[in-house]
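Working notes for the structure below.
Every chain is numbered from 1 and lettered A, B, ... according to where its sequence line falls, protein lines coming before strand lines.
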Amino acid sequence: MRYQRPKGTADILPGKSSHWQYIENVAREVFSKYRFEEIRTPLFENFEVFSRTSGDTSDIVTKEMYDFKDKGDRHISLRPEGTAGVVRAFVENKLYGPEVQKPFKTYYMGQMYRYERPQSGRLREFHQIGVEAFGSDEPALDVEVIAMGMDLFKHFGIHDMRLAINTLGDKPSRDAYRQALIDYLEPHFDELSEDSQVRLHKNPLRVLDSKDEQDQKFVADAPSILDYLTDDAKAHFEQVKSLLTALGIEFDVDSTMVRGLDYYNHTIFEVMVNSKALGHGYTTVCAGGRYNGLVEELGGPEVSGVGFGLGMERLLLLMEATGVSFPEEHHLDAYVVGIGDEADAATLQVVQALRQQNFSADRDYLARKPKAQFKTADRLNAAYTLTLGEAELAAQTIHVKNMASGNEVSAPITDVLNDFTKVTENID
RNA sequence: GCGGUAUUGGUGAAGUUUGGUUAACACACCGGAUUGUGGUUCCGGCACGCGUGGGUUCGAGUCCCACAUACCGCCCCA
């Protein structure tokens, strides 16, 4: 065992990879109904793309970025999340241009990288599915994105979800609230946890997210963002709520909910599930929100955006714990048993001909005895076992057995080569 | 970045407390039981080695140290 995979990475092996494909396929289907199209952006970007957008004080930038200098001395970072790269591509390719329909709706799925201590469901190389919609300030777009997220989880077979929403307001709302929060917490500075003392000046909203018991006491009585919203921000949030209600989507407003990334404003939301697989109580499986201003931050025009992301590893854990059944497609239509060296070529011809006729077919490649081959056909769950030996070669026939019924028939080899379906009709 | 636990064949693992010379048992896999049909049963095969590297000892899977990796918790988050 000389080489091991790098810390925090995983091999997705046959058997398991079909689960990933299933999730990806379901996501593509759902997204296409909402008319979101796929975008593929690089796995790495200039470091600044992420540091600008995520916020210099965010943990992602300060300690979790997987960055390095390339041979041209460029400061590169593996993408820690999907939004920044998509926004960069949106700006660079001028997708805000007049010829592109608004809103521009896109999705992505793929690897993300964060340099952190791996745990179950949290790796250094992990996978996210995410969506972004650019070019509309209308609350209806926020709601479409949220509704699509909920819809997606239903298609994954997850039903006991809870939708939590909040608003971070616009810039004036946030500034006012930020000041109110500092004013409230400052007198208790010495009683706050060490982490929160640091947060208070860097990003006071994050104190609300503290799990420290002592901190939580203060958080409970802290002023609410909802009391500091401007009229515009308030109207936006009210409309989001009423549209969600119109769609019959239940939600809880959690005024202490915040974001680890700095670029969010207005609506933010999380889809939560109560599953032991991901820890105790409700845990978040999907998070998103509105990020007006992010496009400008990366040099684009004033175009707003809203989106969400979900972690595939966590989703997989959740689906497995929930007992979601994945379609198992590794079906074998025919296994061809060849007996003796003389049958080698003919066996290969039959296998290949069956594949040409769109059947999945396999044979023995280990020169094993008939007994072992028949056992293998059974173990692989072959629908039909064909046998080709000396006697058959002499008569130019092939033996075909329906493994489910046990019925057998001898047919001309040419029949199998030309129309296997017809041959099987005689024994089904 | 911090703390805890763990690491023995393809797999599940016993053995580590009391260091002692054949690494148990089971599953899977492979071969065989009078020539070419699936199950069962029976027989046989399957770790020159106990994460890696050092050390202690007459002797180490068992003790000590370092490192690696995994899992759990913290931080944070998906």
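Screening residues 373-382 of chain A for side-chain hydrogen bond (donor to acceptor under 3.5 Å, both in side chains) gives R368(A)-T376(A) as the qualifying pairs, with residues at least two apart or on separate chains. Sequence neighbours left out, the pairs with a member in residues 334-346 of chain A that pass side-chain hydrogen bond (donor to acceptor under 3.5 Å, both in side chains) are D344(A)-R363(A).
The ring-ring contact (aromatic ring centres under 6.0 Å, His included) check on Y384(A) picks up F420(A), with sequence neighbours excluded. Not counting sequence neighbours, the partners of H75(A) by the ring-ring contact (aromatic ring centres under 6.0 Å, His included) test are F47(A). With sequence neighbours excluded, the residues satisfying ring-ring contact (aromatic ring centres under 6.0 Å, His included) with Y177(A) are Y228(A). Listed by chain and number, the residues in a ring-ring contact (aromatic ring centres under 6.0 Å, His included) with F31(A) are Y107(A) (sequence neighbours excluded). Evaluation of the salt bridge (Lys or Arg N to Asp or Glu O under 4.0 Å) rule for R122(A) yields E116(A) as partners, not counting sequence neighbours.
In RNA chain B, stems built from 3 or more consecutive Watson-Crick or G-U wobble pairs, each with both distances under 3.5 Å, span B:1-7 with B:68-74, B:10-12 with B:25-27, B:29-33 with B:41-45, B:51-55 with B:63-67.
For A78(B), the base has a donor-acceptor partner in the side chain of E116(A) [N/O atoms by modelled type, under 3.5 angstrom].
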Expected rows: protein N/O vs nucleotides 70-72 of chain B N/O, under 3.5 Å:
residue: A70(B); atom: OP1; partner: G8(A); partner atom: N; Å: 2.8
residue: C72(B); atom: OP1; partner: S120(A); partner atom: OG; Å: 3.0
residue: C72(B); atom: OP2; partner: S120(A); partner atom: N; Å: 2.3

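Comparing G309(A) and A391(A), the nucleotide of RNA chain B nearest to each residue sits closer to the 5' end for A391(A).
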Identify each donor-acceptor pair in which a side-chain atom of residues 5-22 of chain A lies under 3.5 Å from a protein atom, sequence neighbours left out, and give them as a table.
residue: R5(A); atom: NE; partner: T9(A); partner atom: O; Å: 2.8
residue: T9(A); atom: OG1; partner: P6(A); partner atom: O; Å: 2.6
residue: S18(A); atom: OG; partner: G15(A); partner atom: O; Å: 3.2
residue: H19(A); atom: NE2; partner: E328(A); partner atom: OE2; Å: 3.3

Scan the side chains in residues 393-404 of chain A for donor-acceptor partners under 3.5 Å anywhere in the protein, sequence neighbours excluded, and list what turns up.
residue: Q396(A); atom: NE2; partner: L393(A); partner atom: O; Å: 3.0
residue: H399(A); atom: NE2; partner: E408(A); partner atom: OE1; Å: 2.6
residue: N402(A); atom: OD1; partner: A404(A); partner atom: N; Å: 2.8
residue: N402(A); atom: OD1; partner: S405(A); partner atom: N; Å: 3.1
residue: N402(A); atom: ND2; partner: D428(A); partner atom: OD1; Å: 2.8

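Within 6.0 Å of the CZ atom in R40(A), the count of heavy atoms belonging to other residues, nucleotides or ligands does not exceed 12.
G1(B) and G59(B) are spaced 38 Å apart, taking the P atom of each and rounding to whole Å. Annotation: U21(B) and G61(B) have their C1' atoms spaced 13 Å apart (nearest Å).
A heavy atom lying under 4.0 Å from RNA chain B marks the following residues of residues 366-382 of chain A, by number: R368(A), K369(A), P370(A), A372(A), F374(A), K375(A), D378(A), R379(A).
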